[in-house]
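Hydrogens, waters and symmetry mates are skipped; everything else that's a heavy atom, side chains included, is used. The chain is numbered in sequence order, starting from 1.
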Amino acid sequence: MGSTRLYSKGRILGHKRGKRNSRPNQSLVAIEGVDSAEAARSYLGKRVAYVYKAKREINGSRVRVIWGRISRPHGGNGVVKSKFSSNLPARVFGASCRIMLYPSTI
């Protein structure tokens, strides 16, 4: 019996920004397999986890997580806007993240 993954893969694109101003409290995330704004609407309210490893252990683990939530689609190509509990640092641009398939309404 194979394992069932409870998340979709995503990629952190960067902060929401204009030509000159960056808005670090809102991050753009591309979800794998989502290519339209209509498909992105099914992910609204889902939680996003950026998982990384730190140098120092806390409670026996080096794994850390920054949690966020998808708030709305961004554009027509399936990118979504999300807000994280703490602003994501710029070094994570291009990194992968997990879009949890819960909370669910079905």
Asker: In Å and rounded to the nearest 0.5 Å, what is the OH to CD1 distance from Tyr43 to Ile70?
Answerer: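 Tyr43 atom OH to Ile70 atom CD1 measures 8.0 Å (nearest 0.5 Å).
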Asker: Do you know the tightest heavy-atom contact between Pro73 and Leu44?
Answerer: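 Minimum heavy-atom contact is CD-CD2, 3.8 Å.
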Asker: So how far is it from Leu6 CG to Ile99 CD1, rounded to the nearest 0.5 Å?
Answerer: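 Answer rounded to 0.5 Å: 13.5 Å.
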Asker: Would you compute the distance between atom NZ of Lys83 and atom CG of Leu88 and round it to the nearest 0.5 angstrom?
Answerer: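 Rounded to the nearest 0.5 Å, the NZ-CG separation comes out at 13.5 Å.
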Asker: Judged by atom type as modelled, is there a donor-acceptor pair below 3.5 Å linking the side chain of Arg5 to the main-chain atoms of Tyr7?
Answerer: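 Checking the backbone N and O of Tyr7 against the side chain of Arg5, a donor-acceptor pair under 3.5 Å is found.
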Asker: Is a side-chain donor or acceptor of Arg17 paired with a backbone partner of Lys19 at a separation under 3.5 angstrom?
Answerer: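 Yes, Arg17 side chain to Lys19 backbone: donor-acceptor pair under 3.5 Å.
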Asker: Could you tell me whether the side chain of Lys46 and the main chain of Pro103 form a donor-acceptor pair under 3.5 Å?
Answerer: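 It does hold such a pair.
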Asker: Does Arg11 reach the main-chain N or O of Gly94 with its side chain, forming a donor-acceptor pair under 3.5 Å?
Answerer: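 It does hold such a pair.
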Asker: Indicate if Val48 and Tyr50 have the same hydrophobic cluster label, given that clusters are the connected sets of ILVMFWY residues with side-chain heavy-atom separations under 4.5 angstrom.
Answerer: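 Both belong to a single hydrophobic cluster.
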Asker: Going from CD1 on Ile12 to OG on Ser96, what distance comes out if it is rounded to the nearest 0.5 angstrom?
Answerer: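 Reported value, rounded in 0.5 Å steps: 7.5 Å.
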Asker: Spell out, yes or no, whether Val51 and Val92 are grouped together once hydrophobic residues are joined by side-chain heavy atoms under 4.5 Å, including indirect joins.
Answerer: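 Each belongs to a different hydrophobic cluster.
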Asker: For the OG atom of Ser8 and the CD1 atom of Ile31, what is their distance to the nearest 0.5 Å?
Answerer: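 So the gap between those two atoms works out to 7.0 Å.
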Asker: Taking all non-hydrogen atoms of both residues, which atom of Val65 and which atom of Ala49 are closest, and how far apart?
Answerer: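 The pair with the smallest heavy-atom distance is CG1-CB, 3.9 Å.
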Asker: State the SG-NZ distance between Cys97 and Lys9, to the nearest 0.5 angstrom.
Answerer: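 Taking SG in Cys97 and NZ in Lys9, the distance rounds to 11.5 Å.
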Asker: Are His74 and Leu28 packed together at the side-chain level, in the sense that at least one heavy-atom pair is separated by less than 4.5 angstrom?
Answerer: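 A side-chain contact under 4.5 Å exists here.
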Asker: Any donor-acceptor pair under 3.5 Å linking the side chain of Ser82 with the backbone of Arg69?
Answerer: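 No: the side chain of Ser82 does not pair with the backbone of Arg69.
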